[in-house]
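Protein chains get the first letters and strands the later ones, always in sequence-line order, with residue 1 at the start of each.
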Protein chains: 2
Amino acid sequence: MQYTTNSSQQLKRKMAIPGAIISSIGDLSVLTGAKQLSLDINSKVESEEFSTHPIGIISNGVVGLQHSLNDGRRSISSLFFCDDMLDFRLSDKVSGTFVCFAPVELTLFKVEEIERLCLENPQVLDVLFKSHLKAWGDVISHSVDLARKSAVEKLASFIFECQGRCANTRQNTIHLILKRIDIADYLGLRPETLCRAFAKLRQNDLIEFDNTDHIHICNETALQKVARGGSIETLSG
Amino acid sequence: MQYTTNSSQQLKRKMAIPGAIISSIGDLSVLTGAKQLSLDINSKVESEEFSTHPIGIISNGVVGLQHSLNDGRRSISSLFFCDDMLDFRLSDKVSGTFVCFAPVELTLFKVEEIERLCLENPQVLDVLFKSHLKAWGDVISHSVDLARKSAVEKLASFIFECQGRCANTRQNTIHLILKRIDIADYLGLRPETLCRAFAKLRQNDLIEFDNTDHIHICNETALQKVARGGSIETLSG
DNA sequence: CGTGGGCTTGAAGTCAGTCAACCGAAGTGG
DNA sequence: CCACTTCGGTTGACTGACTTCAAGCCCACG
């Protein structure tokens, strides 16, 4: 893990200026206390150093909030993609740990500084509220997926989530980024079941793929239908 | 549905001053634009009138965010109890509708007014952030329940959620408020399965109940263990 | 007294989990 | 260079948990 305390000038140069929040701030000279981090894949994002800087914005990679039941069952409640905001104070409230599912770069902020920015610039406040609302909505959408959908439906839904939330995805070819086992934990499935779901979608010509991390949507409307809980029964296999 | 546009004086008198947000404001004379609503059980909270006042704080009752899949499967992604804040702009983002699971009283605010309050009083901003964080954490906790837990574990977890979030609950006797079918939809179960889960917990002397809406926790530590995914296998039945 | 809704119980069906084996790619070491 | 290991992914057979379908119970309410 690498630490850098940035001046605003450094921030401007080094960062791809992640997220609407940072870009809404405009004058980055106010962000004297921000920290930038680089994290390896599969590394836990330890919470101690975030007690002072609990607000993070991802400029690269994917972070997941991971939970373990007493007997070891693992689940991932939320994923955070590029430009998403995450709040490390969550890990106390929900007893989970943040884990990197790809090499990650993120920028950390103090709460007081964020609040000060809001007071100075109402536009920042507005963007921050919108960001909260988006994060909230993302988790809710995911819990709808978990509650009642079948394995194929969950997967179809996940594919569209990646399409919508993940930056380096273009048109109908989608970079999944995560490994099968992590997708499975995110969808509340075992990897074997997830694998069978992939196979079913492929057999029905809804998606196609050669390697595991890139898939192509062949029939978007049909896949949408599956994702929304319609007519799984027409799927063979 | 009844409408009342309140002056601050009316607010002070008529409301039980719901939530840390309102109480943090202190001087209620700023809240000239707030609206108070009374809603019947099972009524949908229609979104049209909330385009101007999308922020609500519940002073009584329970509201749920309800979703339907194409083939009619129903699920409830979030519950909002007394003093909880809800944002009606969510219903656009996640294609769900807010429904009352008990007679509800809530107070509505304009976004601009909330933002203005934040700018005038940093304490309000702080409380609002905390409120966002709590709401976020609640949904995440729920999605952990949905992902990997068995029916009994989900129920055990739900009981503690009620204990922690629901106001008129005291010690180990818990008012469930919701009907079985609504609890089932919230936990991603069928009512029959939920019923069997209740029976199992009762058979193992973890809870007891005569009528359906009040239960008593007999063995809290054991129930906690179940809720966290430990040793279901010791449960008979 | 009859009706209906909410809840419960039972029997049968289905989907996802479990366990095991296999495959291919990547990395390691002799 | 090849044997060996490891890991992620895949496939098959079997088991188990939740669903489905059906019926019955209980109490409030007309």
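The side-chain tip of A:R89 does not point at the ring of A:F50 from less than 6.0 angstrom away and within 45° of straight on.
Among residues at least two apart or in separate chains, ring-ring contact (aromatic ring centres under 6.0 Å, His included) pairs with a member in residues 144-163 of chain B are B:F158-B:Y186.
Other residues, nucleotides and ligands contribute only 12 or fewer heavy atoms inside 6.0 Å of the CG atom of A:D210. Remark: B:I181 CD1 is loosely packed, at most 12 non-hydrogen atoms of other residues, nucleotides or ligands lying under 6.0 Å away.
For the residue pair B:T173 / B:H214, no side-chain donor-acceptor distance below 3.5 Å is found, with atom types taken as modelled. Under 3.5 Å, the side chains of B:S143 and B:D145 contain no donor-acceptor pair of N or O atoms.
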One pair to check against side chain to side chain contact (heavy atoms under 4.5 Å, CB included): A:I55 and A:F88. What are the steps and the verdict?
CA-CA 6 Å; A:I55 314 282; A:F88 290 100; over 6 Å; no

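In this structure, CG of A:L155 is placed 16 Å from C1' of C:dC15, rounded to the nearest angstrom.
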Quick tally for nucleotides 5-11 of chain C: nucleotides whose base has a protein heavy atom under 4.0 Å get B, sugar-phosphate-only ones S, the rest -, giving -SSSBBB

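Bounding nucleotides for the chain A contact on DNA chain D, 5' to 3', at a heavy-atom distance below 4.0 Å, are D:dG8 to D:dA13.
Remark: B:D182 engages B:R74 in a salt bridge, criterion side-chain N to carboxylate O under 4.0 Å.
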